[in-house]
Visitor: 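The following block contains the structure, expressed as structure tokens.
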Amino acid sequence: MKQKKIHKVFIDGPINPDFIAEAIAKHSDKKNIGAHSLFLGQVRNDKIGDDEVTAIEYTSYHEMAEEKFHEIREDAFTHFSLICMHIYHSLGKVNAGEISLLVFTSAIHRADAIDACEAIVERIKKDVPVWGKEIFSNENSQWKTNN
Amino acid sequence: MKQKKIHKVFIDGPINPDFIAEAIAKHSDKKNIGAHSLFLGQVRNDKIGDDEVTAIEYTSYHEMAEEKFHEIREDAFTHFSLICMHIYHSLGKVNAGEISLLVFTSAIHRADAIDACEAIVERIKKDVPVWGKEIFSNENSQWKTNN
Amino acid sequence: MEINVLTFGQVTDITAETSLKIPDVKNTDELIQLLEKTYPALKSIQYSIAVNRKMIQENTMLQNEDTVAILPPFSGG
Amino acid sequence: MEINVLTFGQVTDITAETSLKIPDVKNTDELIQLLEKTYPALKSIQYSIAVNRKMIQENTMLQNEDTVAILPPFSGG
């Protein structure tokens with residue numbers, strides 16, 4: 001049986017811009033790449049009345065989420081002509097203005113990178129068991145819903 | 001008459017990952033942003049026989065290009081619900097593996113950021129008077145063609 | 001025979017436990033009936049069910065040591 | 001009356017000059033005829049024309065000091 005290569009997806013806390021820069025820089029020796037597409041999810045300070053979201057706390061069903069990320073990865077390589085793809089998702093607390101999701105696809109041609117990136121983002125939102133709890137400035141909280 | 005705000009697009013040489021990280025980090029105080037979409041164009045080492053592209057040298061019709069970038073910018077804000085958008089394009093020599101184009105859109109919701117980014121990339125390739133000359137390892141060169 | 005039940009998000013808010021051991025249930029319908037009886041608030045929320053990390057849509061037979069996860073709507077990203 | 005002509009990319013490879021001053025042409029068709037006569041290799045390549053930084057599709061009247069750019073296919077990005 002083929003050994004699954006484990007790609008670490010979950011990151012404790014926010015995804016820092018420097019981490020993204022490093023991820024980009026690592027591709028400079030893959031000289032057949034012509035296009036990268038990156039999606040970044042940033043935590044919004046949504047307002048409800050006088051109150052606003054100050055952070056989201058992410059939890060996951062870790063084992064199932066990793067299987068789903070693996071499946072999404074395999075499907076992306078099947079459906080798109082990709083050279084690389086990387087997914088990073090935060091767990092724990094991420095403040096408003098910080099980044100909680102990075103999807104990063106690379107291809108010879110731009111259409112593959114762009115279309116794959118978008119498809120992967122949709123799959124993550126829909127299929128991966130991760131939950132965000134919105135923490136408000138008055139210390140109330142509510143479970144986030146995706147649309 | 002409305003004053004045009006000048007957005008500097010052209011960068012001398014490659015666009016460095018650290019520059020991209022800074023561009024991302026600057027958005028952390030815009031807390032109504034929920035999604036960023038980034039497109040990066042990387043110079044490919046395309047091969048012709050034994051020879052390969054080692055760099056592209058970019059030139060432009062500067063005044064017209066700036067007007068086009070301005071028009072693309074205005075159209076993007078008209079057609080998509082964007083909070084921010086930035087375009088950076090290299091001039092001069094960019095080696096294979098280095099980045100020559102960054103399109104960076106930010107919105108409340110992901111669809112606006114993603115769709116705008118893609119539309120802007122297509123417009124840049126089609127409408128902006130920039131030319132890339134591919135420099136080969138044997139010092140030959142040829143003018144790049146977009147598709 | 002014993003089933004491991006895992007809860008997440010709003011479901012954990014209701015059960016107050018992230019994992020439960022439930023004996024003597026033959027299938028997921030029986031398990032859900034039992035859980036909704038024990039935690040009536042479950043009836044008022046949306047959730048999906050995964051057996052051994054696979055989403056199920058229909059009543060599914062359970063084996064000893066199976067893991068059933070009660071999953072509120074995902075909201076990652 | 002004098003027209004400023006700007007060239008780029010492959011066009012500059014042919015003209016060997018990035019800018020030319022052309023006197024006494026009334027419109028873009030006349031200008032192009034003159035340029036293709038001076039630089040016959042221009043006939044073998046594709047190019048577009050911009051007058052004062054606006055792309056034109058049809059013959060266009062020229063004024064003194066207008067800038068006409070001869071633009072090979074774009075390949076930015």
Side-chain angles (χ1 to χ4, degrees), chain A residues 9-11 14-15 39-44 46 53 56-72 87-92 94 98-103 117-135 140-147, chain C residues 2-22 25 27-29 31-32 34-36 38-77:
Chain A
V9 168
F10 286 120
I11 287 192
I15 297 166
F39 178 85
L40 316 182
Q42 183 166 302
V43 171
R44 273 200 317 263
D46 282 354
V53 172
I56 292 181
E57 252 185 56
Y58 289 99
T59 50
S60 79
Y61 180 6
H62 208 91
E63 298 82 358
M64 184 175 161
E66 298 218 316
E67 287 184 12
K68 277 286 163 192
F69 281 126
H70 183 79
E71 186 186 311
I72 291 170
I87 302 173
Y88 296 99
H89 197 300
S90 294
L91 287 182
V94 181
E98 293 179 330
I99 291 161
S100 60
L101 173 63
L102 166 62
V103 177
C117 188
E118 182 171 8
I120 293 164
V121 171
E122 297 305 317
R123 284 285 299 275
I124 291 171
K125 300 258 180 189
K126 194 170 134 295
D127 291 347
V128 180
V130 171
W131 298 274
K133 187 188 225 172
E134 296 172 327
I135 313 293
N140 280 349
S141 66
Q142 74 178 16
W143 292 98
K144 183 172 170 272
T145 52
N146 277 354
N147 42 30
Chain C
E2 197 175 56
I3 301 300
N4 303 305
V5 175
L6 303 178
T7 71
F8 299 91
Q10 299 97 306
V11 177
T12 309
D13 290 348
I14 290 167
T15 62
E17 300 284 347
T18 57
S19 92
L20 306 162
K21 302 277 186 190
I22 307 284
V25 286
N27 56 48
T28 51
D29 279 0
L31 174 66
I32 292 305
L34 184 68
L35 289 174
E36 294 197 343
T38 317
Y39 307 103
L42 276 183
K43 290 180 208 167
S44 63
I45 68 162
Q46 259 198 302
Y47 58 83
S48 315
I49 297 162
V51 177
N52 300 330
R53 301 181 300 283
K54 300 292 171 208
M55 302 293 281
I56 59 152
Q57 308 300 331
E58 290 173 1
N59 188 24
T60 298
M61 295 302 292
L62 295 173
Q63 316 270 335
N64 190 31
E65 299 276 293
D66 274 354
T67 297
V68 179
I70 314 296
L71 307 170
F74 305 155
S75 55

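This one's a predicted model, so the numbers in the text were calculated from it and none came from an experiment.
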Visitor: With a 4.5 angstrom heavy-atom cut-off, could you sort out which part of A:S60 is near chain C: side chain, backbone, both or neither?
Guide: backbone
Visitor: Once rounded to the nearest 0.5 Å, what's the spacing between atom CZ of C:R53 and atom CD of A:E66?
Guide: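 It is 10.5 Å, given to the nearest 0.5 Å.
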Visitor: For a 4.5 angstrom cut-off between non-hydrogen side-chain atoms, does C:S75 reach A:N146?
Guide: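 Result yes, sub-4.5 Å side-chain heavy-atom pair found.
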Visitor: Which region of A:Y58, side chain (C-beta onward) or backbone (N, CA, C, O), has a non-hydrogen atom less than 4.5 Å from a non-hydrogen atom of chain C, or is it both or neither?
Guide: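 The side chain, not the backbone.
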Visitor: Just verifying a value: how many Å separate C:F74 CZ and A:K126 NZ, rounded to the nearest 0.5 Å?
Guide: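 Going from CZ on C:F74 over to NZ on A:K126, the span is 9.5 Å.
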Visitor: For the candidates A:P129, A:G132, A:G41, which exhibits the highest count of non-hydrogen atom pairs separated by less than 4.5 Å from chain C?
Guide: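 Ranked by heavy-atom pairs under 4.5 Å with chain C, first place is A:P129.
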Visitor: Do A:W143 and C:P72 have side chains that get closer than 4.5 Å, going by heavy atoms?
Guide: no
Visitor: To the closest 0.5 Å, what do you measure between OH (A:Y61) and OG1 (C:T18)?
Guide: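 Between atom OH of A:Y61 and atom OG1 of C:T18 there are 12.0 Å.
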Visitor: Quick one: pull up NZ in A:K133 and CD in C:Q10 and give me the separation to the nearest 0.5 Å.
Guide: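 Answer for the NZ-CD pair, A:K133 versus C:Q10, is 9.5 Å.
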Visitor: When only pairs under 4.5 Å are counted, which of C:A69, C:G9, C:A50, C:S48 shares the most heavy-atom pairs with chain A?
Guide: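 Heavy-atom pairs under 4.5 Å are most numerous for C:G9.
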Visitor: When only pairs under 4.5 Å are counted, which of A:I124, A:D127, A:T59 shares the most heavy-atom pairs with chain C?
Guide: A:D127
Visitor: Heavy-atom distances under 4.5 Å only: say whether C:T7 touches chain A with side chain, backbone, both or neither.
Guide: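 Looking at C:T7, nothing touches chain A.
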Visitor: Kindly compute the distance separating CE (A:M64) from CG (C:L6), expressed to the nearest 0.5 Å.
Guide: 11.0 Å
Visitor: Which atoms of A:S100 come close to chain C, meaning under 4.5 Å heavy atom to heavy atom: side chain ones, backbone ones, both, or neither?
Guide: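 It is the side chain, since no backbone atom gets that close.
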